[in-house]
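Written out below as structure tokens is the structure these notes cover.
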2 protein chains.
Amino acid sequence: MKIKKEVTIYDLAKELNYSPSTISRALNNHKSISKKTIKVIKEAAEEMGYRPNNLAAGLRNNKSNTIGVLISRINRPFMASLISGIEETARKSGYNVLISQSNDKYENEVSNCNALYDSRITGLIVSLSMETVDMGHFQKFMDQGIPIVFVDRVPDNFNSYKVVIDNYTAGYSATKHLIEQGCTRIAHFAGAQHRNIYEERKKGYLDALREYGLPIEDNLIIHFKTLSFEEGDKATKKLLKMDNPPDGIFSANDTAAVSAIMCAKKMGVDVPGELAVIGFNDDPIASIVQPSLSTVSHPASKMGAISARRILDHSGQNYDTDLSEITVLGTEIIVRDSSLKKAKVLEPK
Amino acid sequence: MKIKKEVTIYDLAKELNYSPSTISRALNNHKSISKKTIKVIKEAAEEMGYRPNNLAAGLRNNKSNTIGVLISRINRPFMASLISGIEETARKSGYNVLISQSNDKYENEVSNCNALYDSRITGLIVSLSMETVDMGHFQKFMDQGIPIVFVDRVPDNFNSYKVVIDNYTAGYSATKHLIEQGCTRIAHFAGAQHRNIYEERKKGYLDALREYGLPIEDNLIIHFKTLSFEEGDKATKKLLKMDNPPDGIFSANDTAAVSAIMCAKKMGVDVPGELAVIGFNDDPIASIVQPSLSTVSHPASKMGAISARRILDHSGQNYDTDLSEITVLGTEIIVRDSSLKKAKVLEPK
DNA sequence: ATAAGTAACGGAATCGATTGCGTAAATTAA
DNA sequence: TTAATTTACGCAATCGATTCCGTTACTTAT
């Protein structure tokens, strides 16, 4: 089949006896074009099926009205919601969203980073891969004044926009909650400690224990590689077989927490009676598992929306590489059955 | 801070005393450039921090090495996996992925469609919104020879590439499975019937009943609007309060199926003893709910990969608008506890 | 009535990479 | 040795939209 010729502003110009400059200005509502002319041109454009060519405009303006997103994996509830929030906000302002996943490999992060740069994105939103230590691949964005927003998994040795939750307080509160439920030997499923989020959750856990005068036992702190279901199952089995098993677990994610609940049940250990469990993220599985999983809820979609807004609002601003602008969002402890040893205390009105 | 000047092929040309043509050809491994020159130019490019400008190349070639994705919502397990598969395949071939979500609104689908078109995407992958009936907004892609791949939720009045699962057979098999487990009054949670996937799942359900001589009872077929948890809960309650309640449910998705299980448990109805349940999709919640949910597994990521490949392989081909090329993928019945009334029969080796 | 101002538009360069066509030099064939 | 290729490049147009400078025809102020 034959391909129809695309309609350009030159075609419109010829058809309407105007210059391409006027067509362009009219389509962009430039003030030096009369209302009447704008109306005529826009109607003709509509009728002739004109569609702007973003590549041409982008080349001329050296930007593409596109936000690049660089994350580890799309098919995780948190990440999917994050992207969803980014996409919604971006689209409202007429921006497109380019996505890429690193699968937690540094190498992929670097090459995806370059691919996004080559597309001349307006800004970049990043959640670091597990492996990433060096930040060199982000420098070219800074050099060009292209804003970078790190979200959730952020670096601490690189200045830029950052959107995070207060992982320390969340970890502290989750642990405190278990303590208030009567737990005295609380284990922690910790994530890779070079990623800020896991490090801070652990710090919160440790400080809560200290504050309540509970001993810190190294063999109750399990360092996970990926916080997967399998890892969680194995760790739980090991913990529950100890001579003096823990009576609570604070897991740095829900997947491992759910595996702990299911493993405990299989081993005949009562949750929360003998083992209280609290997770992190509020994934869908948290409300489905039985007993339902207490957890820390993450405003994922909102984080995405804020990150996108950072980029949209940045336009033309000067980039101060000497400081970071950090947005910290609150979290919420969602108390469900897996941690509820005592009856819920009614809040005063 | 000052913005560094970007390095272009003209800068390389000046620096190395070659013409821009030679630089361009060298970077693209054109055969008329000597190996030695290519090596020299590429090394200089690397050293000077040259990065190609996709906008410029795209404008010249009238394409952007970008695949557009238009779906209803990103934060659904199936969709997230689909995109993940698309992204992986696309990136391996050096393509970027632009995403947009319609939130199941026809209006959004149309405007996102235009936005993607304006970015001169190489191809479009679409899963239709719930509302979409008219297909006019896709015509401009056909006119330009830009391939469209409909995936999962596909139209039947529009010729193009299509990637689907055999929803009819899956619905048939799921229902048959319940029958073989001894169910005689099987309810169906049906989705919106103007979307092919739900229509076919229902057809499969109906035919299985017919084949086994079971009566079709209209009051056992519940038509859902969104197959949400709440809808499922309500429907289940209604069903179980009937004088002659069903002994099995085939739900067109897992969310509603899980809600049925939880609702039944709350009402003291044994699953699968008094009510066997099977869902669709194999979402993560399916293996977490107790009893674990039998379901139909969807090769989501693979569907994404195949869709992307369709577009990558299409390049330059002639578009025959008189036929559809349909790829049908198999599904698998995953038998878990929610449907297992009888002991599992061992397969012959 | 004349200078000054403004409204409405056109010309042409520009963004960066690609590529058809042309050409000089080097190599091979005869 | 000369003609015929082949190798290795350069020139300049091109893609479509934007925008800096004009320019012309009107208004408005004085």
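Treat the numbers as computed from the prediction; the structure is a model and nothing was measured. Heavy-atom basis, side chains included; hydrogens, waters and symmetry copies ignored. Proteins come first, then strands; the chains are lettered A, B, ... in the order of their sequence lines, and each starts at number 1.
- Rounded to a whole Å, the CD1 atom of B:Ile41 is 8 Å from the P atom of D:dG10.
- Relative to the side chain of B:Ala57, the nucleotides D:dT19, D:dG16, C:dT18 differ in distance, and C:dT18 lies closest.
- The side chain of A:Thr37 has C:dC9 as its nearest neighbour among C:dC9, D:dA17, C:dG20.
- Put simply, the side chain of B:Arg25 and the base of D:dG10 share a donor and an acceptor less than 3.5 Å apart.
- Comparing C:dG16, D:dA17, D:dT18 against the side chain of A:Thr8 picks out D:dA17 as the nearest.
- Here C:dC9 is the nucleotide among C:dC9, D:dA17, C:dT18 with the atom lying nearest to any side-chain atom of A:Thr22.
- With DNA chain D read from its 5' end, the first of the two nearest nucleotides for B:Leu59 and B:Asn17 is the one closest to B:Asn17.
- Candidate nucleotides D:dT19, C:dA17, C:dC21 were compared by shortest atom distance to the side chain of A:Arg60, and D:dT19 ranks first.
- We find that NZ of B:Lys35 is positioned 10 Å from P of D:dT7, with the value rounded to whole Å.
- Side-chain atoms of A:Ser21 and base atoms of C:dG11 include a donor and an acceptor less than 3.5 Å apart.
- B:Ser32 comes within 4.0 angstrom of a nucleotide base, judged by non-hydrogen atoms across all strands.
- Judged by distance alone, the side chains of A:Asp104 and A:Ser129 never bring a donor and an acceptor atom under 3.5 Å apart.
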- Message: Checking A:Arg195 against A:Glu131 for the salt bridge (Lys or Arg N to Asp or Glu O under 4.0 Å) test, could you report, in this order, the C-alpha distance in whole Å, the side-chain angles of both residues, the deciding distance, and whether it holds?
- Response: CA-CA 9 Å; A:Arg195 278 287 77 90; A:Glu131 295 180 356; over 6 Å; no

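- Atoms CG (A:Leu12) and C1' (D:dT18) sit 15 Å apart, rounded to a whole Å.
- Taking the six-membered ring wherever Trp is involved, the centroid distance between the rings of B:Tyr117 and B:His137 does not fall below 6.0 Å.
- Taking 4.0 angstrom as the limit, A:Asn28 places a side-chain polar atom (N or O) nearer than this to OP1 or OP2 of D:dT18.
- The distance between atom NE2 of B:His30 and atom C1' of D:dT6, rounded to the nearest whole Å, is 14 Å.
- Closest non-hydrogen pair, B:Leu59 versus A:Ala56, comes out as CD1-CB, 3.7 Å.
- Contact annotation for A:Tyr18: backbone-only contact, meaning every heavy-atom pair under 4.0 Å involves sugar-phosphate atoms and none involves a base.
- The CG atom of A:Asn61 sits 11 Å away from the P atom of D:dC20 (whole-angstrom rounding).
- Distances from the side chain of B:Asn53 to the nucleotides C:dA8, D:dC9, C:dG16 place C:dG16 closest.
- Closest to the A:Tyr10 side chain, of the nucleotides C:dA17, C:dA8, D:dG16, is D:dG16.
- Checked by atom type, the side-chain pair B:His314/B:Tyr161 shows a donor-acceptor distance below 3.5 Å.
- Protein atom NZ of B:Lys36 is 16 Å distant from nucleotide atom P of D:dT7, rounded to whole Å.
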